[in-house]
Student: 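Pasting in a structure now, in structure tokens, and then I'll have a few things to ask.
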2 protein chains.
Amino acid sequence: MKKLSPTIRDVAAAAGVSVATVSKYMNGAQRFSAPVEARLKAAIEELGYRSNPLARSMITGRTRAIGLTILDISNPHFTNVVKGANRIALRHDYTLLLVDTDENQARERPLIEALAQRVDGLILSSRMSDSESKWLLDLGKPLVLLRHSDTLPIPSVGIDNRLATYMLARHLLNLGHRQIAYLGFGQARINDERIRGARECLEEAGLTLDVYDAHAPTAHAGEHACSRVMLGPRRPHAVICYNDLIALGFMKEAASLGIKVPQELSVTGVDNVPYGEYAAPALTTVDIQSEKMGELAMQKLIDALAGHADTGHSMFEPRLIVRESTAACG
Amino acid sequence: MKKLSPTIRDVAAAAGVSVATVSKYMNGAQRFSAPVEARLKAAIEELGYRSNPLARSMITGRTRAIGLTILDISNPHFTNVVKGANRIALRHDYTLLLVDTDENQARERPLIEALAQRVDGLILSSRMSDSESKWLLDLGKPLVLLRHSDTLPIPSVGIDNRLATYMLARHLLNLGHRQIAYLGFGQARINDERIRGARECLEEAGLTLDVYDAHAPTAHAGEHACSRVMLGPRRPHAVICYNDLIALGFMKEAASLGIKVPQELSVTGVDNVPYGEYAAPALTTVDIQSEKMGELAMQKLIDALAGHADTGHSMFEPRLIVRESTAACG
DNA sequence: ATGAAAGCGCTAACAC
DNA sequence: GTGTTAGCGCTTTCAT
């Protein structure tokens, strides 16, 4: 277990060259005379030498690692972001360091600060407001945000949240619904945008939106909220949920309450997580291209690392996915 | 962006002490005289000093990072493993380095070798056989395997796969089923164990098991395999799937084929992923405590790092979760 | 094309 | 308690 690995000096000695030569060889920095190259090759093979990335990083100041903080890896949306980011990282020979902050806002800052020291750049998903996020700029590392920031000069990636819920509201309107509720997650920074999208659409039709809060972005929270929404004084005919997880839980509980979806109630989510398709009934939702978001965020960061500055916001376009959880108002 | 951070020497100068003193202070190694401590504190605060973990690691030989390789983060089973592992890592002030090998066996070895150099220990989930895995021992790092190995002296965690499918077969038998098929994933090392469990149970009842292969551990693969299984010459009344994802896809496609689950066909999975509960119908499965597996794997590794050797295999006990996708044979 | 030497930022003896 | 010093394994001028 403790057979300590050979150092560059061991290789130099074995090959009868200097450490500088070995270093250059390892980095493919230049060409070598045939005999030297042969001896180098042999010595490295022989000793099983692999250069120590830590020592290397200390000098070059680059780690070839990228940090990614997410709120909850259990959420398939974030899983897909990770998937996409990882794919691009791998392709460029970067390693992904994942930190799941577990929706724990207090731990966020120290966690990010510690992570920042071990990576060349960071992709961040956070619930912090812009004003709480100023210290990010002092990290001295390239960043990409997984949400839009109006005031921070940090590149970001996201979708048009307003449009996403606008589309859902329009879809429900087209189906003849008039009593539409929104079941949100107030702690999410994008919740307001999603409310606004749905509300705008309804107001154009002279209708109002009833807003509820699920307190968590999870299926369990959706289940919990269902009776409050459906058995309260203003029973809706259609519910737009903050995300698919909440929608999935909501639908399940609605079934328990004896409410038929979609005959008596239409339900929609946002995210297009892979399991909405297998739910009962299959969930109508808006695809937000989570995996592509991860890919682009990583690509932007890698570009930034390569010196291509970019402080813009890239917005993916939402796409409505109509399945079986929405139907004409009965 | 490029404001380079202060070094230990800057702090030493600012506080009028030696670098050694600063180092000791940072590591909380001992007590200090009041004036020195005060100046240290002030200087550190003033400069915003944070010690460079790379330089530190190079000397101590410890990185406080743990590597985790998984086959596919999209699979909720692995997601849960990551979740559990991350929780324990955080608790012990370790960072998790995640590598998703994307089921790509060729890339596995170089990826793991590279990862090994940046961490104190590794948790591995792999499709490699024991004989292909010998080189792992040369990594010189503590390891934990997410599967049992008979021949490698490496601690591991897993579940009793034989028992898992044995229980499912028994459950189906109890419901009166006689024509039972297994839809597996041959590339998984544990597939054979799962086949064996189901087969043993059936053989005790004088029955045989029809075995099919889904070629991938995904919902999509389950969908694809469905017609082959259900419309072939030996149509089963119950299907035990390798995992929940395959089962979810299988159920969906069965519905498309006009086959009613569970009236005409019982379907089961393995893993108890969070979305089986929201499927149509809710999926009968076996809970394998994925999150606990991740927790225990990480705990074992951290124990090993602390010098507590342990080369044993820890086996979690499967638990049958009966939902709505299984019913008495009609 | 190759090598000598000076560090990167820090810790770990060992002095005082 | 506090300081001095010698590296950790590597890259990088700058000679040759």
Side-chain angles (χ1 to χ4, degrees), chain A residues 2-41 43-44 47-65 114 116-120 140-141, chain B residues 2-44 47-65 113-114 116-120 140-141:
Chain A
K2 278 278 119 131
K3 183 209 315 174
L4 45 175
S5 24
T7 79
I8 197 170
R9 261 181 279 270
D10 299 325
V11 177
V17 297
S18 75
V19 294
T21 303
V22 180
S23 172
K24 283 163 191 153
Y25 180 79
M26 291 304 289
N27 295 309
Q30 55 173 61
R31 295 183 54 94
F32 299 86
S33 67
V36 168
E37 177 153 0
R39 269 148 51 206
L40 241 17
K41 209 172 203 161
I44 288 167
L47 298 170
Y49 171 72
R50 343 203 74 242
S51 82
N52 181 333
L54 258 57
R56 171 171 225 277
S57 293
M58 224 179 63
I59 296 174
T60 62
R62 299 169 65 266
T63 63
R64 293 211 78 80
Q117 298 197 74
R118 318 174 134 273
V119 299
D120 294 341
K141 303 269 181 175
Chain B
K2 278 277 120 134
K3 183 208 318 174
L4 46 174
S5 22
T7 79
I8 196 171
R9 262 181 277 268
D10 298 326
V11 177
V17 297
S18 76
V19 293
T21 303
V22 181
S23 172
K24 283 164 191 154
Y25 180 79
M26 291 303 289
N27 296 309
Q30 56 175 61
R31 295 182 54 94
F32 300 86
S33 67
V36 168
E37 177 153 0
R39 270 150 47 209
L40 242 16
K41 211 174 203 161
I44 289 167
L47 297 170
Y49 172 72
R50 342 204 74 244
S51 81
N52 180 332
L54 258 55
R56 173 172 224 274
S57 292
M58 227 179 61
I59 296 175
T60 61
R62 296 167 69 265
T63 62
R64 291 212 80 79
E113 287 180 332
Q117 297 196 0
R118 321 174 131 272
V119 299
D120 294 341
K141 302 271 180 175

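Values in this document were obtained by computation on a predicted structure and should not be read as measured data. All chains are named by letter (A, B, ...) in the order of the sequence lines, taking the proteins before the strands, and each is independently numbered beginning at 1.
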Student: Could you tell me which residues satisfy side-chain contact (heavy atoms from CB on, under 4.5 Å) with A20(A), sequence neighbours excluded, listed by chain and number?
Tutor: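 In terms of side-chain contact (heavy atoms from CB on, under 4.5 Å), with neighbours along the sequence ignored, A20(A) is linked to S18(A), K24(A).
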Student: Using OP1 and OP2 only, check whether a side-chain N or O of T7(B) sits under 4.0 Å from dG9(C).
Tutor: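 For T7(B), the contact criterion (side-chain N or O under 4.0 Å from OP1 or OP2 of dG9(C)) is not met.
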Student: Nearest heavy-atom pair of Q117(A) and P53(B): which atoms, and what distance?
Tutor: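 So the two residues come closest at OE1-CD, 3.4 Å.
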Student: Which parts of nucleotides 11-16 of chain D does protein reach within less than 4.0 Å, heavy atoms only, written one letter per nucleotide 5' to 3' as B for base, S for sugar-phosphate only and - for none?
Tutor: BB----
Student: Report the distance from atom CZ of R118(A) to atom C1' of dG9(C), rounded to the nearest whole Å.
Tutor: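 Atom CZ in R118(A) sits about 15 Å away from atom C1' in dG9(C).
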Student: Closest heavy-atom contact between A15(B) and L40(B)?
Tutor: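 Minimum heavy-atom contact is CB-CD1, 3.8 Å.
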Student: Would you please name every residue forming a side-chain hydrogen bond (donor to acceptor under 3.5 Å, both in side chains) with E113(B), sequence neighbours left out?
Tutor: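 Partners of E113(B) by the side-chain hydrogen bond (donor to acceptor under 3.5 Å, both in side chains) criterion, ordered by chain and then number, come out as R109(B).
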Student: Taking CZ from R64(A) and P from dC10(D), how many angstroms apart are they, rounded to a whole number?
Tutor: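 Result: 18 Å.
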Student: How many whole angstroms separate atom OH of Y25(B) from atom C1' of dC10(C)?
Tutor: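 Whole-Å distance recorded here is 18 Å.
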Student: Looking at DNA chain D, which of residues 28-40 of chain A put a heavy atom within less than 4.0 Å of it?
Tutor: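 Residues of residues 28-40 of chain A under 4.0 Å from DNA chain D: none.
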Student: What pairs with D120(B) under side-chain contact (heavy atoms from CB on, under 4.5 Å), at least two apart in sequence or on another chain?
Tutor: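 Testing D120(B) for side-chain contact (heavy atoms from CB on, under 4.5 Å), a comparison that skips the adjacent residues, returns R62(B), T63(B), Y94(B), L305(B).
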Student: Is there a side chain to side chain contact (heavy atoms under 4.5 Å, CB included) between Y25(A) and I44(A) once you walk through the steps?
Tutor: CA-CA 10 Å; Y25(A) 180 79; I44(A) 288 167; 3.5 Å; yes
Student: Provide, to the nearest angstrom, the distance between the CD atom belonging to Q117(B) and the P atom belonging to dG9(D).
Tutor: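 Atom-to-atom, Q117(B) to dG9(D), this comes out as 13 Å.
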Student: Using atom CG of L54(B) as one end and atom P of dC10(C) as the other, report the distance to the nearest whole Å.
Tutor: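 Those two atoms, CG and P, are 10 Å apart.
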Student: Please report, rounded to the nearest Å, how far the C1' atom of dT11(C) is from the CE atom of M58(A).
Tutor: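 After rounding, the gap between these two atoms is 11 Å.
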Student: Quick one: closest heavy-atom pair of D10(A) and T7(A), and the distance?
Tutor: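 Shortest heavy-atom contact: OD2-N, 2.8 Å.
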Student: What pairs of residues pass the side chain to side chain donor-acceptor pair (under 3.5 Å) test when at least one of them lies in residues 49-61 of chain A, not counting sequence neighbours?
Tutor: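 For residues 49-61 of chain A, and leaving out neighbouring residues, the side chain to side chain donor-acceptor pair (under 3.5 Å) pairs sorted by first residue read N27(A)-R56(A).
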